[in-house]
Amino acid sequence: MTTFLSIAEAAAATGLTATTLRYYEQIGLIAPVERRSGARRYGDADLRWIEFLVRLRATGMSMRDMQRYAELLRQGPTPESVSERQALLEDHARRVEADLDTLTDTLARIRAKISGYAALKAPDAPGAADVPLCSPSRRSAA
């Protein structure tokens, strides 16, 4: 059974604002939503699509790439559309993987600093004096 939500309910369900949902429809990210008595009614498929858009945006995909992807999706499963959609997602996946590598490295550095500060709070701990909190040339910045 298909559930239909008002724009306020869809906004709450997706974490977007009603204004953003209207904007996404205006710029073609969301296909025109079914209306009843002038009010938008978001179905299950609309919500799944919006949730996908939210994830793409959260991972840094540009609005332009998202619009291109939506446009290609509306073209249907033509060989050209499918190939270009795949290429768009592969490019984006590579960027997300690079971002993850950077975040993983940054997290490791933050954890090392946390350990260093913990060691400073317990100066009798073995090796506490050997814990570098920052590079020697930037010691005052940490």
Side-chain angles (χ1 to χ4, degrees), residues 1-36 39-142:
M1 180 174 157
T2 301
T3 302
F4 288 99
L5 302 180
S6 69
I7 195 166
E9 293 167 329
T14 62
L16 298 175
T17 65
T19 301
T20 299
L21 289 173
R22 286 185 200 96
Y23 175 68
Y24 279 12
E25 188 175 343
Q26 178 185 1
I27 66 170
L29 281 180
I30 300 172
V33 177
E34 179 184 324
R35 287 177 169 73
R36 178 163 292 159
R40 288 172 173 84
R41 295 170 36 89
Y42 293 84
D44 296 334
D46 298 315
L47 294 175
R48 282 191 305 275
W49 172 244
I50 293 165
E51 288 169 5
F52 184 62
L53 291 174
V54 167
R55 289 175 186 268
L56 290 177
R57 193 69 185 129
T59 57
M61 182 177 267
S62 71
M63 294 296 280
R64 181 169 297 201
D65 282 349
M66 289 169 51
Q67 286 173 298
R68 181 65 183 146
Y69 187 86
E71 177 184 316
L72 291 165
L73 189 61
R74 283 190 291 275
Q75 291 176 10
T78 66
E80 298 81 14
S81 169
V82 169
S83 291
E84 194 171 339
R85 280 185 273 163
Q86 180 180 359
L88 265 170
L89 291 179
E90 286 173 348
D91 288 346
H92 185 63
R94 280 190 287 278
R95 286 190 297 273
V96 169
E97 288 166 348
D99 290 347
L100 281 172
D101 289 345
T102 300
L103 284 171
T104 299
D105 179 61
T106 302
L107 180 59
R109 291 170 188 243
I110 290 169
R111 294 264 183 235
K113 274 206 178 285
I114 291 168
S115 293
Y117 289 126
L120 282 177
K121 288 170 50 177
D124 295 338
D130 300 329
V131 177
L133 296 180
C134 60
S135 63
S137 63
R138 304 183 123 221
R139 194 166 289 278
S140 62

Is any side-chain heavy atom of Ile50 closer than 4.5 Å to a side-chain heavy atom of Tyr24? no

Of the non-hydrogen atoms in Leu5 and Ala13, which two are nearest, and what is the gap between them? CD1-CB, 4.2 Å

Would you call the rings of Tyr69 and Phe52 parallel, tilted or perpendicular, taking 30° and 60° as the class edges? tilted

Can you tell if the side chain of Leu88 reaches within under 4.5 Å of the side chain of Leu72, non-hydrogen atoms only? yes

Could you grab the distance from atom CD1 of Ile7 to atom OG1 of Thr17, nearest 0.5 Å is fine? 8.5 Å

Counterpart residues, side-chain contact (heavy atoms from CB on, under 4.5 Å), relative to Thr104 (two or more places apart): none

According to salt bridge (charged side-chain N to carboxylate O under 4.0 Å, His left out), who are the partners of Asp105, at least two apart in sequence or on a separate chain? Arg109

State the CG-CD distance between Leu21 and Glu25, to the nearest 0.5 angstrom. 9.0 Å

How long is the gap from CZ on Arg95 to CG on Asp65, to the nearest 0.5 Å? 5.5 Å

How close do Ile27 and Met63 get, heavy atom to heavy atom, and via which atoms? CD1-CE, 3.7 Å

I need the Glu71 CD to Leu29 CG distance, nearest 0.5 Å. 11.0 Å

Which residues pass the salt bridge (charged side-chain N to carboxylate O under 4.0 Å, His left out) test with Glu84, not counting sequence neighbours? Arg68

Is there a side-chain contact between Met61 and Leu89 (heavy atoms, below 4.5 Å)? yes

Residues at least two apart in sequence or cross-chain that pass side-chain contact (heavy atoms from CB on, under 4.5 Å) with Arg64, listed by chain then number, are Ser62

Listed partners of Ile114 passing side-chain contact (heavy atoms from CB on, under 4.5 Å), at least two apart: Ile110, Arg111

What's the shortest heavy-atom distance between Ala18 and Ala11, and which atoms? N-CB, 3.7 Å

Would you say the side-chain atoms of Thr59 and Arg55 include a donor-acceptor pair closer than 3.5 Å? no

Smallest heavy-atom separation, Gly28 atom then Ala70 atom, equals O-CB, 3.7 Å

Leu100 side chain reached by Val96 side chain, heavy atoms, under 4.5 Å: yes

Name all residues meeting the side-chain contact (heavy atoms from CB on, under 4.5 Å) criterion together with Arg41; count only those two or more places apart in sequence or in a different chain, and write none if there are none. Phe4, Glu34, Arg36

Which heavy atom of Trp49 sits nearest a heavy atom of Ile30, and at what distance? NE1-CA, 4.1 Å

Quick check: closest heavy atoms across Leu47 and Ala10, and the distance to 0.1 Å? CD2-CB, 4.0 Å

With the side chain counted from C-beta on, respond yes when Val82 and Arg85 share a heavy-atom pair under 4.5 Å apart, and no when they do not. yes

